[in-house]
Protein chains: 2
Amino acid sequence: MQTVAMTKPIQKRAIATREKLLSAANTLISEQGFDALRVEEVVGTAGVAKGTFFAHFKDKDALLEQIIGARLADITEAMAQPPAPQSIAEMIARLAPLIAFTTSERRVFDVMIRYSGAAAVAEIGPIAEQFDTQILLYGRWASEGPFRRDAAPELLGEGISAFLIQAIALTFCALNSQEALETRLTAYLTAWLLPQE
Amino acid sequence: MQTVAMTKPIQKRAIATREKLLSAANTLISEQGFDALRVEEVVGTAGVAKGTFFAHFKDKDALLEQIIGARLADITEAMAQPPAPQSIAEMIARLAPLIAFTTSERRVFDVMIRYSGAAAVAEIGPIAEQFDTQILLYGRWASEGPFRRDAAPELLGEGISAFLIQAIALTFCALNSQEALETRLTAYLTAWLLPQE
DNA sequence: CATAAAATTTGACCGTGGTCAATTTAATAG
DNA sequence: CTATTAAATTGACCACGGTCAAATTTTATG
């Protein structure tokens, strides 16, 4: 036992197997959506045994966490590129891709909510990490736009995130359309970011 | 076919069976908690066949929706009795029973979130109904206490609800304690109800 | 009562997520 | 090259939610 190789005991083909599983899952999801994903289909497509799946992912949701987290990362990065929005309307327009993805399937929203509350944990998951990043981004937006100045940017960011979730949650009730979501979110964010007293 | 009995085609022992199922479930939950509840145990305790369960409840969550909805109704009613809280601290103290129940088990929170977004649907579920009632209550509190006046009470109520959910969601991350929840909620509600500009 | 029609209940059966002891494969030492 | 050890993989198996055609019980009718 020398000084080398202490951090990573051993791994090899396992990385390739994991990639095969993720790739198979992504393919199946693109074909049939998140809700129709079956573990047996994933391992069948990947060409491995069922037990292997659970050697790589704690459960099915852990796989979804990785995949959804990765997609959120792309979306978040794209949202962060342009300069900060200078009005509520601009902000909501900027949030459109995130809203579209989050409302695309009920399952996506459920998994996101379940894994969202993990900020600041040692082993932070990919979804929680994205929530963290988003809150920071929203905080930056709040501080770089013509909005209230009496609260810490991060607090304002957390509020934006909370209102976004609330607006989306109400969307999944049958008769609330996308139109309603934006109207509702506008009311929330106006009261949150532009109080009149 | 005369003029009588058009609304209720037929029912009889079914009501008793439903009561047996609900009673059995409540007993089991009080003994082992929500998460350990098994449909087979419920029907075993109630003395009916498995299929009967699903003739009465669409799925397991539908049963939980009824039970959790009923408990929320009790809690909400108790919260509504005293006069409106006159400070953020009083408000959070008043919310204590609701917070305690909601954070008691992860499963409870998950079911509540899943069924919360149904306000204003024709066939409104018991949990969504309670959310609705709570938002109205919070709106009343906001209007009857020394808080901002530049937004509609119901909007303020929705915000309180959104922040409460956000604070609770963060609780389920390992290292956020009850203490942290109240601290966080205080910050949220202060910024929401008492903006300084 | 007898009989038909509808509501309710039944339990064998299935789909799918998840477990685990046994097997195979890769890494390391002599 | 062989032996030893640990990681990775396997697939039979289990747990549990949910389905459905058939059997049973209730209600309605003459």
Side-chain angles (χ1 to χ4, degrees), chain A residues 1-25 28-29 32-68 106-107 110-111 114-115, chain B residues 1-25 28-29 32-68 106-107 110-111 114-115:
Chain A
M1 188 178 288
Q2 285 74 23
T3 54
V4 293
M6 292 294 284
T7 48
K8 286 182 181 176
I10 296 177
Q11 279 161 317
K12 228 43 175 184
R13 66 201 148 145
I15 294 174
T17 301
R18 186 190 170 89
E19 286 312 311
K20 278 194 291 185
L21 287 168
L22 283 169
S23 168
L28 290 167
I29 288 168
Q32 316 169 349
F34 284 88
D35 204 52
L37 193 70
R38 296 286 170 268
V39 172
E40 298 199 350
E41 266 193 298
V42 174
V43 297
T45 304
V48 301
K50 199 174 191 178
T52 302
F53 180 96
F54 294 98
H56 285 269
F57 301 98
K58 179 181 168 295
D59 52 29
K60 189 182 166 187
D61 274 0
L63 169 73
L64 294 181
E65 189 190 7
Q66 296 298 321
I67 291 176
I68 292 174
R106 179 67 210 235
R107 192 80 206 270
D110 285 345
V111 172
R114 173 163 300 116
Y115 286 92
Chain B
M1 189 177 289
Q2 283 74 22
T3 54
V4 293
M6 293 295 283
T7 49
K8 286 182 181 179
I10 296 178
Q11 277 160 317
K12 227 44 173 185
R13 68 201 146 142
I15 294 174
T17 301
R18 186 189 169 90
E19 286 311 310
K20 279 194 289 185
L21 287 169
L22 283 169
S23 167
L28 290 168
I29 288 168
Q32 315 169 352
F34 284 88
D35 203 54
L37 193 69
R38 298 285 170 268
V39 172
E40 299 198 351
E41 268 193 296
V42 175
V43 298
T45 303
V48 300
K50 200 174 191 177
T52 303
F53 181 96
F54 294 98
H56 285 268
F57 301 97
K58 178 180 166 296
D59 52 28
K60 189 182 164 188
D61 273 1
L63 169 73
L64 293 181
E65 189 189 7
Q66 296 298 321
I67 291 177
I68 291 174
R106 179 68 210 235
R107 192 81 206 271
D110 285 345
V111 173
R114 173 163 300 115
Y115 287 92

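The shown structure was predicted, so the numbers you read here are calculated from the model rather than taken from an experiment. Letters A, B, ... are given to chains in the order of the sequence lines, protein chains preceding strands, and every chain is numbered from 1.
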### Query
Hey, are the side chains of D61(B) and R107(B) touching, using non-hydrogen atoms and a 4.5 Å cut-off?
yes
### Summary
F54(B) has its side chain closest, among dT19(D), dT25(C), dG18(C), to dT19(D)
### Query
Are side-chain heavy atoms of F57(B) and R18(B) found at a separation under 4.5 Å?
yes
### Of the listed nucleotides dT9(C), dT10(D), dG18(C), the one nearest the side chain of T17(B)
dT9(C)
### Message
Please confirm whether the shortest side-chain N or O distance from H56(A) to OP1 or OP2 of dT9(D) is below 4.0 Å.
### Response
yes
### Query
So do F34(B) and D110(B) actually touch side chain to side chain, heavy atoms under 4.5 Å?
no
### For L63(A), the option from I68(A), L37(A), V111(A), V39(A) that meets side chain to side chain contact (heavy atoms under 4.5 Å, CB included)
L37(A)
### Query
Between dG11(C) atom C1' and F53(B) atom CZ, what is the distance in whole Å?
16 Å
### Message
I'd like to check H56(A) versus Q66(A) (side-chain heavy atoms, cut-off strictly below 4.5 Å). Are they in contact?
### Response
no
### Within residues 35-45 of chain A, residues whose heavy atoms come under 4.0 Å of DNA chain D
none
### Message
Please compare R13(B) and K50(B) by the position of their nearest nucleotide in DNA chain C and report the one closer to 5'.
### Response
R13(B)
### Task
Kindly say whether E19(B) contributes a backbone atom to a donor-acceptor pair with the side chain of S23(B) at under 3.5 angstrom?
no
### Task
Provide, to the nearest angstrom, the distance between the CG atom belonging to D59(A) and the C1' atom belonging to dT16(C).
14 Å
### Task
Would you mind reading off the distance between I15(A) atom CD1 and dA7(D) atom P, rounded to a whole angstrom?
15 Å
## Note on the structure
Testing dT10(C), dT9(D), dG17(C) for proximity to the side chain of K60(A), the answer is dG17(C)
### Length of the NZ-C1' vector between K58(B) and dT19(D), whole Å
13 Å
### Task
Could you work out which one of dA7(C), dG18(D), dT10(C) sits closest to the side chain of T52(B)?
dT10(C)
### Query
Tell me: CG of L21(B) to C1' of dG17(D), nearest whole Å?
15 Å
### Query
Any Lys/Arg nitrogen of R106(A) or D35(A) sitting under 4.0 Å from an Asp/Glu carboxylate oxygen of the other?
no
